[in-house]
Amino acid sequence: QVQLAESGGGLVQAGGSLRLSCAASGGTFINMYTMGWFRQAAGQEREFVAAIRRGNLYYADSVKGRFAISRDNAKSTFYLQMNSLKPEDTAVYYCAAGPGIGNAHNPVSGRAYNSWGQGTQVTVSS
């Protein structure tokens, strides 16, 4: 099972940018995994943000055009570039990894993932 370590959260003003990183270790063929980002705001359910599976990208409607997911296989790290941040983007952000091959679950579902990071706080002030 892959271990995940996130970094890059913090406090930013509305309209600003942040880049979250998620370093993966302990797994094989990491470049074949499904990688995703989810977030959970205070008092709300966890929601899907973005995912990448074998080169295909998936985004929540609320972040399309503002956020970009990418991966660096050589570093076993994937990223979430967040631009034009809004106060409603404030949440704890979690990275997640799951099998790439043979994974029948849609990447927008938490069921597609079996490893989760500890979460990193993103706060956007107005």
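This structure is a prediction, so every number in the text was calculated from the model and none was measured.
With 3.5 Å as the limit, one finds a donor-acceptor pair spanning the side chains of Arg39 and Tyr93. Defined by atom type and a distance below 3.5 Å, a donor-acceptor pair is present between the side-chain atoms of Thr123 and Gln121. Between the side chains of Asn56 and Arg54, no donor N or O sits under 3.5 Å from an acceptor N or O. Counted by atom type alone, Asp72 and Thr77 present zero donor-acceptor pairs between their side chains at under 3.5 Å.
From Leu80, atom CG reaches atom OH of Tyr59 across 7.5 Å, with rounding to the nearest 0.5 Å. Going from atom OG of Ser25 over to atom CG of Leu4 covers 7.5 Å, rounded to the nearest 0.5 Å. In this structure, Met82 CE and Phe67 CZ are separated by 5.5 Å, a value rounded to the nearest 0.5 Å. Between Gln81 atom CD and Ser70 atom OG the span is 8.0 Å, to the nearest 0.5 Å.
Heavy-atom contacts from other residues, nucleotides or ligands closer than 6.0 Å to CD of Gln13 number 12 or fewer.
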Inset, instruction - Check the pair Val122, Thr90 against side chain to side chain contact (heavy atoms under 4.5 Å, CB included), reporting the backbone distance first and the verdict last. - result: CA-CA 5 Å; Val122 172; Thr90 295; 5.9 Å; no
Legend entry - Residue pair Thr34, Ile52: steps toward the side chain to side chain contact (heavy atoms under 4.5 Å, CB included) verdict: CA-CA 6 Å; Thr34 300; Ile52 184 168; over 6 Å; no
Inset, instruction - Determine, step by step, whether Phe78 and Leu20 satisfy the side chain to side chain contact (heavy atoms under 4.5 Å, CB included) criterion, reporting the C-alpha distance in whole Å, the side-chain angles of both residues, the deciding distance to 0.1 Å, and the verdict. - result: CA-CA 8 Å; Phe78 62 110; Leu20 305 182; over 6 Å; no
Legend entry - Stepwise salt bridge (Lys or Arg N to Asp or Glu O under 4.0 Å) test for Lys86 and Asp89: CA-CA 5 Å; Lys86 305 175 181 180; Asp89 294 318; over 6 Å; no
Inset, instruction - For Val49 and Ile69, run side chain to side chain contact (heavy atoms under 4.5 Å, CB included): C-alpha distance rounded to whole Å, both residues' side-chain angles, the deciding distance at 0.1 Å, then the answer. - result: CA-CA 9 Å; Val49 176; Ile69 187 171; over 6 Å; no
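In plain terms, the two heavy atoms of Arg71 and Met35 that are nearest each other are NH2-CG, 3.8 Å. The nearest pair of heavy atoms linking Ser126 to Pro87 is CB-CG, 3.8 Å.
Hydrophobic clustering of Ile, Leu, Val, Met, Phe, Trp and Tyr side chains at less than 4.5 Å, counting indirect connections, unites Val63 with Leu57.
At least one side-chain heavy atom of Gln118 sits less than 4.5 Å from a side-chain heavy atom of Glu6.
Every ring-ring contact (aromatic ring centres under 6.0 Å, His included) that Phe38 has, sequence neighbours left out, goes to Phe48, Tyr113, Trp116.
Not a single donor-acceptor pair under 3.5 Å links the side chain of Ser109 to the backbone N or O of Asn106. Between the side chain of Arg66 and the main chain of Ser84, a donor-acceptor pair closer than 3.5 Å is present. Listed for the Gln3 side chain is no donor-acceptor partner under 3.5 Å among the backbone atoms of Ala24.
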Check residues 94-104 and write down every donor-acceptor pair under 3.5 Å in which the side-chain atom is one partner and the other belongs to a residue at least two apart or another chain.
residue: Asn103; atom: OD1; partner: His105; partner atom: N; Å: 3.1
residue: Asn103; atom: ND2; partner: Pro99; partner atom: O; Å: 2.8
residue: Asn103; atom: ND2; partner: Ala112; partner atom: O; Å: 2.8

